[in-house]
There are 2 protein chains.
Amino acid sequence: MDEETLQAALNTADVLCAQRGVRFTAQRRRVLELVCRAERPVGAYEILGQLHTGATAAPPTVYRALDFLLEQGFVHKLETLHAFIGCTHPEHPHASQFLICADCGRVKELESEAVAGCLRSAAQETGFHPKRPVIEVLGTCAQCTHKAKKV
Amino acid sequence: MDEETLQAALNTADVLCAQRGVRFTAQRRRVLELVCRAERPVGAYEILGQLHTGATAAPPTVYRALDFLLEQGFVHKLETLHAFIGCTHPEHPHASQFLICADCGRVKELESEAVAGCLRSAAQETGFHPKRPVIEVLGTCAQCTHKAKKV
DNA sequence: CATTTTTCGAAACATTATAACAGTTGTGCG
DNA sequence: CGCACAACTGTTATAATGTTTCGAAAAATG
Ligand SMILES: [Zn+2]
Ligand SMILES: [Zn+2]
Ligand SMILES: [Zn+2]
Ligand SMILES: [Zn+2]
């Protein structure tokens with residue numbers, strides 16, 4: 001995420017938190033910034049390592065901040081990677097799909113209503129009531145596929 | 001998985017391993033049996049706890065067996081639960097979807113080609129080459145939804 | 001039966017996540 | 001303002017999950 005996008009994301013978070021009456025503390029802001037600034041998904045302990053803000057920091061510090069950001073929909077958790085990524089459109093709740101490149105490690109967030117709807121239908125056919133769909137695809141991104149062909 | 005289904009699963013595994021020229025050792029067989037016998041997904045350490053087969057057993061013992069069973073497609077790993085479940089149709093490779101009931105903990109394995117295809121399309125539209133899709137839906141199963149309504 | 005490959009045992013270690021409790025800070029109200 | 005209360009944070013310890021490594025045992029190979 002580039003600097004401009006980052007600032008926009010932080011501003012959006014500010015506004016949304018105000019609207020929702022929740023506190024966007026310095027700590028939470030800092031964690032969101034670290035997650036968004038990263039080119040790739042970041043693990044909790046990786047964030048922790050970058051949090052040396054004068055005082056120390058322990059795992060719960062990071063996990064609490066992440067829990068908050070997840071609740072507010074500012075970040076997503078990638079279950080297959082045990083890592084976190086900034087959301088690209090936090091203003092509305094959504095079921096998204098993640099394309100994870102095993103080569104470069106970059107992740108693209110899709111928001112295909114077709115996929116979401118299809119899965120919802122398939123689930124509901126069996127009488128199942130979906131709450132939280134987790135859709136993550138491991139593979140190779142366009143860029144890396146292209147590179148591989150050239151070599 | 002009931003006793004009959006279990007025996008069928010073990011036999012299928014036997015046959016497939018023979019066909020594939022891989023060894024279905026007593027250890028692997030035992031782990032598969034434990035996974036299949038469970039009503040719900042089981043964690044690696046849970047299996048480990050039930051493996052007191054005279055000799056001791058350490059984590060690698062279980063993880064090695066599980067790796068083998070995963071490769072052969074006899075079990076699946078549920079990433080959101082860090083747990084394993086026996087596959088209901090191990091004879092052919094497949095991309096499946098899992099419906100995980102947050103209430104009773106039971107998991108249903110779907111094999112919807114519609115869902116798989118839809119996701120594949122969405123991914124490929126962006127130039128992404130899917131390798132391993134992970135689709136897990138947390139929610140409430142038909143049975144538990146029904147029970148909840150009665151109360 | 002010697003050689004080679006695969007599997008298994010065992011100990012230590014690495015990573016991810018949570019529990020529990022005390023202190024601190026912010027917020028609303030009289 | 002000064003207090004009460006809730007939310008947030010610091011700290012320590014611990015749980016749960018997963019891996020590395022090395023060497024012994026067992027099985028396939030010839
Ligand atoms: Zn998102
Ligand atoms: Zn890539
Ligand atoms: Zn299956
Ligand atoms: Zn249920």
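The sequence lines fix the lettering, A, B, ..., with proteins before strands; numbering per chain opens at 1.
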If we count only N and O atoms by modelled type, under 3.5 Å, do the side chains of H89(B) and E111(B) hold a donor and an acceptor together?
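Present: a donor and an acceptor within the cut-off.
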Could you state the [atom1]-[atom2] distance from [X] to [N], rounded to the nearest angstrom?
| X | N | atom1 | atom2 | answer |
| --- | --- | --- | --- | --- |
| R23(A) | dA7(D) | CZ | P | 9 Å |
| E71(A) | dA7(D) | CD | P | 12 Å |
| F68(B) | dC8(C) | CZ | C1' | 14 Å |
| L66(B) | dT7(C) | CG | C1' | 15 Å |
| Q72(A) | dA7(D) | CD | P | 14 Å |
| Q27(A) | dG10(D) | CD | C1' | 9 Å |
| R28(B) | dA26(D) | CZ | P | 16 Å |
| R30(B) | dT7(C) | CZ | C1' | 18 Å |

Step through the shown structure and confirm whether more than 12 heavy atoms of other residues, nucleotides or ligands are within 6.0 Å of CD on Q143(B).
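Not more than 12 within 6.0 Å, no.
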Set of residues satisfying salt bridge (charged side-chain N to carboxylate O under 4.0 Å, His left out) with respect to E109(B), sequence neighbours excluded:
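Not a single residue meets the salt bridge (charged side-chain N to carboxylate O under 4.0 Å, His left out) criterion with E109(B).
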Taking only residues two or more places apart in sequence or in another chain, which ones pass salt bridge (charged side-chain N to carboxylate O under 4.0 Å, His left out) with R28(B)?
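With sequence neighbours excluded, R28(B) shows a salt bridge (charged side-chain N to carboxylate O under 4.0 Å, His left out) to no residue whatsoever.
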Can you confirm whether D14(A) sits close enough to R29(A) that some side-chain heavy atom of one is under 4.5 Å from a side-chain heavy atom of the other?
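Contact flag for D14(A)/R29(A) side chains = yes.
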Shortest side-chain distance from A58(B), nucleotide among dA10(C), dG10(D), dG9(C):
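Out of dA10(C), dG10(D), dG9(C), the nucleotide with an atom closest to A58(B)'s side chain is dA10(C).
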Between K147(B) and D103(B) (salt bridge meaning N to carboxylate O under 4.0 Å), is one present in this structure?
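No, this pair does not count.
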A correct 5'-to-3' footprint of nucleotides 15-22 of chain C, with B, S and - meaning base, sugar-phosphate only and no protein heavy atom under 4.0 Å, is -BBBB---
Has T61(B) got a side-chain N or O lying under 4.0 Å from the OP1 or OP2 atom of dA10(C)?
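No, because none of the side-chain N or O atoms of T61(B) sits under 4.0 Å from OP1 or OP2 of dA10(C).
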